[in-house]
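As structure tokens, the structure follows; a few thoughts come after it.
The first residue of the sequence shown is numbered 1, and numbering continues consecutively from there. The structure presented is a predicted model; accordingly, all values stated were derived computationally and were not measured.
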Amino acid sequence: MKGQLAEMMARHAVPGRLDWIGLRSARHAVIDAVNSVELTEAGLIGDHGRAGKRAVTLIQAEHLPVIAALSGNVLVLPAQLRRNLVISGLNLLAVRKGLLRIGGVTLEIHAPCPPCSRMEAELGPGGYNAMRGHGGWYASVVRPGPIHLGDIVTPG
């Protein structure tokens, strides 16, 4: 049984895709959407992020409509959520504490990225709670390089 569980946990139906990239020049700055970015061990070039386990933040595209529904909004845009990367098609929870490849870059997913109090301003009253459990993940950069919109995303 233990071997079967490990096999199932290593299997994914389809690869994911990089759908959106956002950079913030400073902590509370407006997020700029870009088509590509270079990653170093310290994070995304042009982003204010810090080196280490929180160098990059990610969220699943599939969670955006859930957050919209839970916050009473018709639509939630990636820039409102203040994450760097939006990934579709691959369950990021299933990669927790593991490696994630985006194009030629490798990230290590560490832990859930909790919402901040700014979600109340971005999403309205209850925005903070709408994000709980759907706020995405933070990661460190294991193998730096460029990433581009549309890049394939796979575990490992």
Side-chain angles (χ1 to χ4, degrees), residues 3-24 30-71 73-116 118-119 122-123 127 130-156:
Q4 282 182 320
L5 181 59
E7 285 178 29
M8 287 188 296
M9 290 178 71
R11 202 170 29 240
H12 298 269
V14 294
R17 189 180 90 135
L18 178 59
D19 287 344
W20 187 85
I21 303 168
L23 306 175
R24 299 161 290 174
V30 173
I31 293 191
D32 293 318
V34 298
N35 292 324
S36 62
V37 69
E38 183 82 21
L39 280 83
T40 69
E41 287 84 2
L44 295 89
I45 293 178
D47 190 68
H48 85 288
R50 54 189 145 178
K53 291 182 177 182
R54 294 180 182 240
V56 179
T57 57
L58 307 93
I59 193 165
Q60 280 186 235
E62 292 83 0
H63 285 231
L64 274 63
V66 173
I67 294 166
L70 295 174
S71 65
N73 288 289
V74 174
L75 179 68
V76 170
L77 301 173
Q80 291 178 274
L81 305 181
R82 310 202 55 80
R83 301 300 183 250
N84 296 124
L85 307 178
V86 177
I87 307 296
S88 64
L90 185 73
N91 184 353
L92 295 175
L93 174 60
V95 188
R96 182 179 185 183
K97 297 192 182 210
L99 300 178
L100 184 72
R101 283 185 280 171
I102 303 173
V105 167
T106 303
L107 304 177
E108 183 176 356
I109 305 294
H110 292 285
C113 190
C116 67
R118 295 195 64 201
M119 292 303 100
E122 287 291 335
L123 303 175
M131 288 278 296
R132 291 176 68 191
H134 305 285
W137 300 88
Y138 56 83
S140 60
V141 179
V142 175
R143 181 176 170 206
I147 58 173
H148 311 277
L149 290 182
D151 277 352
I152 298 298
V153 180
T154 58

Can you confirm whether Leu149 sits close enough to Asp151 that some side-chain heavy atom of one is under 4.5 Å from a side-chain heavy atom of the other?
no
Could you point out which residue of Arg54, Glu41, His110 forms a side-chain hydrogen bond (donor to acceptor under 3.5 Å, both in side chains) with Ser140?
His110
I want to check something: taking the side chain as every heavy atom from C-beta on, are Pro146 and Leu39 in contact at a cut-off of under 4.5 Å?
no
Restricting to non-hydrogen atoms, name the atom on Ala33 and the atom on Trp20 that form the minimum distance, rounded to 0.1 Å.
CB-NE1, 3.6 Å
Pair up each side-chain donor or acceptor in residues 55-68 with any protein partner under 3.5 Å, not counting sequence neighbours, and list the distances.
from  : atom 1 : to     : atom 2 : distance (Å)
Thr57 : OG1    : Asn84  : N      : 2.9
Thr57 : OG1    : Asn84  : OD1    : 3.2
Gln60 : OE1    : Leu92  : N      : 3.0
Glu62 : OE2    : Gly89  : N      : 2.7
His63 : ND1    : His134 : ND1    : 3.0

Quick one: CZ on Arg132 to CE on Met119, what's the gap to the nearest 0.5 Å?
14.5 Å
I'd like to check Val153 versus Arg101 (side-chain heavy atoms, cut-off strictly below 4.5 Å). Are they in contact?
no
To the nearest 0.5 Å, atom CH2 of Trp137 lies from atom NZ of Lys97 at 9.5 Å
Does some side-chain heavy atom of Ile109 sit less than 4.5 Å from a side-chain heavy atom of Leu99?
no
So Asn73 and Leu123, do their side chains get closer than 4.5 Å, heavy atoms only?
yes
Between the CE atom in Met131 and the SG atom in Cys116, the distance rounded to the nearest 0.5 Å is 7.5 Å
CG-CD distance between Leu81 and Glu122, expressed to the nearest 0.5 angstrom
8.0 Å
Within the 4.5 Å heavy-atom criterion, are Val141 and Thr40 side-chain neighbours or not?
no
To the nearest 0.5 Å, what is the distance between CZ on Arg143 and CG on Leu107?
11.5 Å
Short side-chain to backbone donor-acceptor contact, Asp19 and Val86, under 3.5 Å:
no
Quick one: which of Thr154, Ile21, Ile87 gives a side chain to side chain contact (heavy atoms under 4.5 Å, CB included) with Ile102?
Ile87
Is any side-chain heavy atom of Arg83 less than 4.5 Å from a side-chain heavy atom of Cys113?
yes
